[in-house]
Amino acid sequence: MPVLRLSIPRLLSLVGEDLGIDELRSHLFRLKCESEVLEDGRLEVEVNSDRPDMFSSEGIARALKGLLRRERGFRIPEVYDSGYVVYVDPPRRRPYIAVATVENVKLDEVALEELIQFQEKLHVTYGRNRRRIAIGIHDLSKVPSKELRYLDVVIDQVRFRPLHHEEVMAIRDVLRRTEQGAMYGSIALDGDKHPAIFSGGELISLPPVINADLTRLEPGTSSLLIDVTGTDRELVDRVLGLLVLNICEASRSCRIGRARVVYRWGVEHATPSLGIGVVELDPRYVNDLLGTALSPREIAEALEYMRFRTEVLGGRLIRVEVPPFRFDVLHPADLAEDAVSYTHLTLPTN
């Protein structure tokens, strides 16, 4: 299971509660997270691998705020047309891409370190070590143009400076000589061609290997361009949605910019889609499945605090809206388990 190393002050700031460390760890245990305070003062948290929405402090804080009854339901930040467009001549081994911008983020040194950790946990789990999906995160203010291109290029014909390197290299040398190239260079290589993302005339990413140093993130970065590439179009879009929504949990002023993705044959769509799922849940199914006797209102309230939106319909069914960051919810049984989990986890109230 993914193991995170998190700043305790940052996590508590995101939760908005002055909790003692033992109290915090107790609440995390109620969310099925084992935790331990490390010698450097950070908190090590082990998260279930089927809960990618909790692979970051922002996502854990969102879950804790529900458990503590500080918030219910979920929030979709302002979404606008970013003006970015990606023209795609699909790389043969990695044909899909989704892109978004995020504005008004707060990236100090700790937040930046945790963002990169979030990225890598997604790479290892849902990305299957970057084979299925890979993520590039860029400083939006450094991106040369709103017109992007995603295509295969000949590895001896394109040169750029890879992230945290001083030397400009041909792609072939990046794949041979850098640590990232040695680890991931064979994933998308197709003979003498490799996928690349260009902004204007500048290469900004060599997915799934490495970004260009040109768009390097730094403490103080306040706006992001995020690309997700891979072999599964639906997962590419869902992971992008998860990323932008978790990032925006840290700031109420955060905005998400959609980009147009235009394929060579004329198919066009906007990313991220941020689709909200809808499930009609029968309370009898919940109670029969789990041996409980909860009323429709009790089930609906529990799901609200587990960060779903609900409405009890006239025929006693519960209409449940599933947020885009919970793409692990695949069946009504998942909702039933969340509802019953909450009733077992609820803290005493005054």
Side-chain angles (χ1 to χ4, degrees), residues 4 6-7 10-17 47 51-68 70-84 98-122 126 133 135-141 143 215 217-228 236-259 270-277 304-309 321-329:
L4 313 177
L6 306 175
S7 161
R10 182 168 189 267
L11 177 58
L12 292 177
S13 174
L14 289 168
V15 175
E17 290 272 349
V47 182
R51 287 297 303 271
D53 58 301
M54 291 175 60
F55 288 4
S56 72
S57 285
E58 292 85 352
I60 291 175
R62 178 172 52 216
L64 285 170
K65 284 186 284 189
L67 180 64
L68 295 166
R70 288 181 55 86
E71 293 182 4
R72 59 200 299 172
F74 61 90
R75 177 180 69 93
I76 301 294
E78 178 189 350
V79 181
Y80 68 100
D81 179 3
S82 69
Y84 277 78
V99 171
T101 63
V102 186
E103 295 187 0
N104 302 328
V105 300
K106 298 177 179 179
L107 280 189
D108 58 18
E109 188 171 345
V110 174
L112 177 56
E113 179 182 339
E114 292 192 1
L115 175 59
I116 294 169
Q117 177 181 233
F118 183 27
Q119 175 188 25
E120 287 309 311
K121 297 306 178 185
L122 290 170
Y126 282 79
I133 62 102
I135 302 157
I137 307 178
H138 312 264
D139 185 328
L140 183 66
S141 69
V143 176
T215 56
L217 299 177
E218 298 174 296
T221 294
S222 61
S223 56
L224 307 173
L225 174 76
I226 304 175
D227 67 77
V228 182
V236 162
D237 187 62
R238 284 183 169 184
V239 167
L240 178 63
L242 169 63
L243 277 158
V244 299
L245 290 172
N246 268 34
I247 290 168
C248 280
E249 279 293 319
S251 171
R252 286 280 171 174
S253 62
C254 183
R255 304 196 310 153
I256 298 169
R258 282 202 172 104
T271 62
S273 61
L274 300 180
I276 297 172
E304 287 274 342
Y305 285 118
M306 294 299 277
R307 309 315 300 261
F308 301 93
R309 294 176 185 163
E321 291 188 353
V322 181
F325 53 80
R326 286 299 306 273
F327 56 80
D328 60 296
V329 175

Fill in: Over-ring placement of R307 relative to F325, 6.0 Å and 45° cut-offs
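No, R307 does not sit over the ring of F325.
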
Worksheet entry | Cation-aromatic face contact R255/Y80, 6.0 Å, 45 degrees | yes

Is the shortest heavy-atom distance from the side chain of [X] to the side chain of [Y] under 4.5 Å?
{"X": "Y305", "Y": "L67", "value": "no"}
{"X": "F74", "Y": "L245", "value": "no"}
{"X": "K121", "Y": "L4", "value": "yes"}
{"X": "R326", "Y": "M306", "value": "no"}
{"X": "V102", "Y": "C254", "value": "yes"}
{"X": "T271", "Y": "V228", "value": "no"}
{"X": "E109", "Y": "L112", "value": "no"}
{"X": "F55", "Y": "L242", "value": "no"}

Worksheet item: Do E114 side-chain atoms and S7 backbone N/O form a donor-acceptor pair below 3.5 Å?
Response: yes

Worksheet item: Hey, does the side chain of R258 reach the backbone of V79 with a donor-acceptor pair shorter than 3.5 angstrom?
Response: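 Side chain of R258 to backbone of V79: no pair is present.
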
Restricting to non-hydrogen atoms, name the atom on [X] and the atom on [Y] that form the minimum distance, rounded to 0.1 Å.
{"X": "I133", "Y": "L122", "value": "CD1-O, 4.3 Å"}
{"X": "I256", "Y": "C248", "value": "CG1-SG, 3.8 Å"}
{"X": "V99", "Y": "A259", "value": "O-CB, 3.5 Å"}
{"X": "A61", "Y": "L14", "value": "CB-CB, 3.6 Å"}
{"X": "V244", "Y": "P272", "value": "CG2-CG, 4.2 Å"}
{"X": "P324", "Y": "I76", "value": "CD-CD1, 3.9 Å"}

When rounded to the nearest 0.5 angstrom, what distance separates [atom1] in [X] from [atom2] in [Y]?
{"X": "Y126", "Y": "D328", "atom1": "OH", "atom2": "CG", "answer": "6.0 Å"}
{"X": "E103", "Y": "I247", "atom1": "CD", "atom2": "CD1", "answer": "13.0 Å"}
{"X": "R238", "Y": "L240", "atom1": "CZ", "atom2": "CG", "answer": "13.0 Å"}
{"X": "T221", "Y": "L107", "atom1": "OG1", "atom2": "CG", "answer": "6.0 Å"}
{"X": "I135", "Y": "D227", "atom1": "CD1", "atom2": "CG", "answer": "9.0 Å"}
{"X": "L6", "Y": "S57", "atom1": "CG", "atom2": "OG", "answer": "4.0 Å"}

Worksheet item: How far apart are the C-alpha atoms of V105 and L115, what are their side-chain angles, what is the distance that settles it, and do they pass the side chain to side chain contact (heavy atoms under 4.5 Å, CB included) test?
Response: CA-CA 11 Å; V105 300; L115 175 59; over 6 Å; no

Fill in: Full working for side chain to side chain contact (heavy atoms under 4.5 Å, CB included) between L64 and E17
CA-CA 10 Å; L64 285 170; E17 290 272 349; over 6 Å; no

Discussion item. Side chain to side chain contact (heavy atoms under 4.5 Å, CB included) for I137 and F118? Distances and angles first, verdict last.
Written reply: CA-CA 11 Å; I137 307 178; F118 183 27; over 6 Å; no

Discussion item. Assess the residue pair S273 and D237 against the criterion (side-chain hydrogen bond (donor to acceptor under 3.5 Å, both in side chains)); give the C-alpha distance rounded to whole Å, side-chain angles, the decisive distance to 0.1 Å, and a yes or no.
Written reply: CA-CA 7 Å; S273 61; D237 187 62; 2.5 Å; yes

Worksheet entry | Stepwise salt bridge (Lys or Arg N to Asp or Glu O under 4.0 Å) check, E58 with R10 | CA-CA 9 Å; E58 292 85 352; R10 182 168 189 267; 2.6 Å; yes

Item to complete: Take M54 and I60 through the side chain to side chain contact (heavy atoms under 4.5 Å, CB included) test and state the conclusion after the steps.
Response: CA-CA 5 Å; M54 291 175 60; I60 291 175; 4.1 Å; yes

